[in-house]
Amino acid sequence: MIQLHNVYMSYQGDGAALSNVTLKIAKGEFVFLTGVSGAGKSTLLKLLYGALQPTRGQVVIDGVNVSKLPSSQLPFLRRKVGVVFQDFKLLSNRSVLENVALTLEVLGWGKKDINKRVYHILKQMGLEHKLNSTPLRLSGGEQQRIALARALVNEPKIILADEPTGNLDEESREKVLSILKEANIRGSTVVIATHDRRLIESSHKRLIVLDKGHIVEDSDES
Amino acid sequence: MIQLHNVYMSYQGDGAALSNVTLKIAKGEFVFLTGVSGAGKSTLLKLLYGALQPTRGQVVIDGVNVSKLPSSQLPFLRRKVGVVFQDFKLLSNRSVLENVALTLEVLGWGKKDINKRVYHILKQMGLEHKLNSTPLRLSGGEQQRIALARALVNEPKIILADEPTGNLDEESREKVLSILKEANIRGSTVVIATHDRRLIESSHKRLIVLDKGHIVEDSDES
Amino acid sequence: MSRKNVAKRPKLAREGVGGRLHYFVERAFTNIRQNLPVNLLTIGTISLAFLILSLALLIFVNLERVTETWSDRVQVTAYFEGDLSPGDLSTLKARIKAIKGTADIDYVSREEALQRFSGRLKGQEALLEGVSYEILPSSLEIHLKKDNRDSEAVSRYVAQLKKIPLITEVQYGEEWVKRFSHFMNLVRFAGILVAGFIVLAVVFIVANTIKLTIYARKDELELMGLVGATRLFIKVPFLIEGVVQGVVGASVALLVLTGVYLAFLHNADFFFSFNTIEAGLLFLPASHIVALLFGGAALGFLGSLASLKRFISL
Amino acid sequence: MSRKNVAKRPKLAREGVGGRLHYFVERAFTNIRQNLPVNLLTIGTISLAFLILSLALLIFVNLERVTETWSDRVQVTAYFEGDLSPGDLSTLKARIKAIKGTADIDYVSREEALQRFSGRLKGQEALLEGVSYEILPSSLEIHLKKDNRDSEAVSRYVAQLKKIPLITEVQYGEEWVKRFSHFMNLVRFAGILVAGFIVLAVVFIVANTIKLTIYARKDELELMGLVGATRLFIKVPFLIEGVVQGVVGASVALLVLTGVYLAFLHNADFFFSFNTIEAGLLFLPASHIVALLFGGAALGFLGSLASLKRFISL
Ligand SMILES: Nc1ncnc2c1ncn2[C@@H]1O[C@H](COP(=O)(O)OP(=O)(O)OP(=O)(O)O)[C@@H](O)[C@H]1O
Ligand SMILES: Nc1ncnc2c1ncn2[C@@H]1O[C@H](COP(=O)(O)OP(=O)(O)OP(=O)(O)O)[C@@H](O)[C@H]1O
Ligand SMILES: [Mg+2]
Ligand SMILES: [Mg+2]
């Protein structure tokens, strides 16, 4: 499903954010990605949804070589990938409903189906009563769950979640984790970048540790 | 230093975000504020730096009744308070140096002193090499530490930190905590809103728990 | 909810181009509503820019009209030996009519000539004591068609006229026609220069303004791309929004212009005892109005398109 | 670093108003640099708006000049019985000069009158055969000062003139003066209307544009307030930025206008054998240029001030 081969990534002028990363994540896997702040987790995820192109090396998602993908094809890759951004990226002038609906509108869903589906997922997140709020009128944790809902609403093949529980309490965190696990059971491949040791430890899933852009540990290989 | 008396806060049209909150935090205290997502932690902090006015009740900071403060005096209150915002609020078109310097510019410091002081605090955060980066070119955890640096750089009397470690790894978290504790030892009153149980447990400090806008536990009083 | 249900996406909004268009239009109007302050500022600026443009056009149209009136004075007078019989006169007229460029022919008899002449001598009538009308020749005054009033066309015309045997002399104020011709060219040149200038300025003002509003929404553009929207899907609502802004802006400008025009008509009448209807103060012809509205639409469209290019490089 | 060191803030940037101002100006220019794209768009729009404004002014100035030339034709002719001795003539002239509004007096002798007359009869000189110059009277042609050329002032002037005993008749084309007067009033009214219109439009366009750019930076305004900046501290750099945008915009507009003016001078000369210097095509006078620059500054300042009000309600 996801393959990285000798990937090297450096932002203009800076040193390498990722060095020589080779990685294989099979369809249906559930993976944690961890490492100190600035280790390159977000950078790695950005490569997987085509927000960045690797400086060197190959990134293959679902059989498609992202580095060789013409930009007109990129949207179709992104529709298979649901992303929870570390900074949420919610649109502050749209309601919660509209923010979550975006993913489905892009796919051409009809209004009725969208409303039904969005209500369903917001209810799962415990936020159905905030449907008509705007993101700026939500608490930090509520925003984070909206971002999660937007990523999951179309049940994408791949779910990339960048620090999805940083603003959540124990209980919400458990709920979010179980929702992600359910999606995983239904077939989605899940990659979660997180600092949350407790989350990682309680899950007994594959763990990849980054440090200064290198993979220093991969529980699957050791 | 901080006193809330029968504070009741509701956003327009919504139910109460805070109900009947009475609270006293002495000068030099170190307090954790916790509670599930949406419990009202950020709302409480916003009252303390005058971003919100309570619907009912009194908020007194450093002897000043915030609810009766003329808006022209508000800036002088805010200069005594360093805030780490949950959403960072970094200016994306300014460099890290300038972002942190802002607090000192407002106080009228000279350029040289500012540069020296900012470098010092960034070094403490382990980010002195990012001085000339802009926030959008930083990782999430790096941004969070910049936000923290900006709040601490003028050694304010009161430090309010809203989820200051949500994007940080264990190690950075310890460092941040020790920096906050140092500031506390030097005389600052510190209030930290967080979900991080581990942080709270390892610190043995006063803990206030909010739920649905009510204070349900206060380790100082129980 | 099983995966199967969802993975196969449910029925589309409305299938086909119509459904898509419906979605895009709805989206565009929702966007306008959700970004109302910015949209109002933009529409305001476009209105003002178009107000200047349409005002310039209005002035231009009326100036054109005035200069046309002036050019009516370009006239050629043909003299002939002695008096002509009515038959000869009408053959002569017919021959002149046949020359390309002739608009109108007036016969001026000796009596009329004398009358006019004494009119021109107002105050010095003493001079005409003892002058009989027989001294003055009769003549044909020929008005030319609009397109034949510049100096070259007139001299070409006169050359043709001179070929007619009965005509002995042709007068047409050569010097005056030349100067008038120059003057008209200059006015036209200046007018086109100014108009071109204003059009350019308006185009850039509108484009700049739209660029600013899109700038303010670059986060939205970025996110749409990240969520898997195609370039077209992102752009179309913005383009529709641009067209709406352009058309609304142009319409508001035209409404205000109409108001000002009517107020001016009324007040000029009142304050200056200047009969505006008689003076023929024109409003913009329908063609110009349509052109302005289309211009607004095109400008909004192209302005958005150009601005989007900078941000959508998926 | 001990708390004592820091709590007492170190020496200020530069103490006093000078130091503050220095900081604010530096901040403003840094802001311009850091928001360059938006600033360029804003300055571009302001330039274009001012270009239209200054172009309108240029046209207005030149029209004013043309109408002034036209009004030179408002002249009063005074006739007197028989010939005057040189002595009488100069007393008469002196008396006329004494009347308020007199600009110039020309003596037209009988010979000159005849010459002019025959000039006007070009082509019909036959008429003058046998006419001697003694039929024509000699006269004084009086030009009026600029402010005395409207219909009322002229008739007041003529009334004064008629009181002088030697003068037997006064002619001034009453009808023509009246119509010219009306026409001038109309042109002036329309000119002021159009100019006022354009000024208003430009003011709003610039204000709107500045509002858009400040809109795009509302996060910055909010954060400054949260960090303890006073209203003044937040506003001043934005106001300076607005002034810079206004002045730079106006300057660019004036430069472009100068370029176009010179190019026009050159090409009009070339294409129309129209001697522009002789025709006296004017550029904007220094006073107008200064006014435009100040206008730019004021507009930038006030535009920013008004826009900031919406966002700074600390
Ligand atoms: N600007 C606002 N307008 C309306 N409601 C708001 C606004 N800000 C917060 N709320 C609501 O008030 C409640 C308390 O929000 P607050 O941000 O204080 O929670 P919190 O304890 O900080 O949560 P978190 O841990 O998720 O940050 C929430 O239900 C939230 O939706
Ligand atoms: N757009 C960018 N331009 C330049 N450097 C960048 C950019 N984004 C990230 N970096 C740098 O690349 C390194 C890796 O960043 P990345 O965001 O991948 O870290 P991370 O592991 O996600 O950290 P965190 O846990 O703090 O989110 C960091 O040193 C960061 O400063
Ligand atoms: Mg990250
Ligand atoms: Mg919060």
Side-chain angles (χ1 to χ4, degrees), chain A residues 11-15 17 34-46 85-88 90 92 125-127 129-130 132-133 135-146 162-176 193-198 200 209-211 213, chain B residues 11-15 17 34-46 85-88 90 92 125-127 129-130 132-133 135-146 162-176 193-198 200 209-211 213:
Chain A
Y11 294 99
Q12 326 101 291
D14 291 359
T34 192
V36 300
S37 173
K41 303 179 292 297
S42 299
T43 304
L44 181 57
L45 293 184
K46 280 178 197 163
F85 304 99
Q86 194 168 9
D87 55 355
F88 311 161
L90 299 175
S92 58
M125 300 287 170
L127 287 174
H129 57 292
K130 297 286 183 184
N132 293 315
S133 260
L136 290 179
R137 310 188 80 209
L138 297 180
S139 81
E142 287 163 350
Q143 288 179 28
Q144 193 157 43
R145 281 174 285 163
I146 301 301
D162 199 348
E163 201 72 65
T165 58
N167 290 280
L168 295 181
D169 56 286
E170 212 84 11
E171 203 182 319
S172 311
R173 205 176 309 189
E174 290 304 325
K175 207 195 276 171
V176 163
T194 188
H195 293 294
D196 195 332
R197 287 254 146 219
R198 223 176 271 200
I200 298 170
V209 182
L210 277 174
D211 190 35
Chain B
Y11 294 99
Q12 325 102 292
D14 289 359
T34 193
V36 299
S37 174
K41 303 179 293 297
S42 299
T43 304
L44 182 55
L45 294 185
K46 280 178 195 161
F85 304 98
Q86 193 168 9
D87 56 354
F88 311 162
L90 299 175
S92 59
M125 301 286 170
L127 287 173
H129 57 291
K130 296 288 183 184
N132 293 315
S133 258
L136 289 179
R137 311 187 80 209
L138 298 180
S139 82
E142 288 163 350
Q143 287 179 28
Q144 194 157 41
R145 281 174 285 163
I146 301 301
D162 200 348
E163 201 73 64
T165 59
N167 290 279
L168 296 180
D169 56 286
E170 211 84 13
E171 202 184 319
S172 310
R173 205 175 308 188
E174 289 304 324
K175 207 196 275 171
V176 163
T194 187
H195 292 294
D196 195 334
R197 288 253 145 220
R198 221 177 271 200
I200 298 169
V209 182
L210 278 174
D211 189 35

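All chains are named by letter (A, B, ...) in the order of the sequence lines, taking the proteins before the strands, and each is independently numbered beginning at 1. Note: hydrogens, waters and symmetry copies are ignored here, and every other heavy atom, side chains too, is used.
- Here the shortest heavy-atom pairing between A/R137 and B/Q12 reads NH2-OE1, 3.0 Å.
- Among the candidates A/Q143, A/R197, A/E171, the residue making the largest number of heavy-atom pairs closer than 4.5 Å to chain B is A/R197.
- No other option in B/R198, B/R173, B/K41 has as many heavy-atom pairs under 4.5 Å with chain A as B/R198.
- Contact of A/E142 with chain B is made through backbone and side chain together, with heavy-atom distances under 4.5 Å.
- Rounding to the nearest 0.5 angstrom, the gap separating the CD atom in A/E170 from the OG1 atom in B/T34 is 9.0 Å.
- Here the straight-line distance linking atom CG of A/D162 with atom CG of B/N167 works out to 8.0 Å at 0.5 Å rounding.
- A donor-acceptor pair is defined here as one N or O able to donate and one able to accept, closer than 3.5 Å; such a pair exists between the side chain of B/D169 and the backbone of A/S37.
- Summarising the geometry, atom CD belonging to B/Q144 is positioned 9.0 Å from atom CD belonging to A/E163; distances are rounded to the nearest 0.5 Å.
- Atom OG in A/S42 sits 11.5 Å away from atom CG in B/L138 (nearest 0.5 Å).
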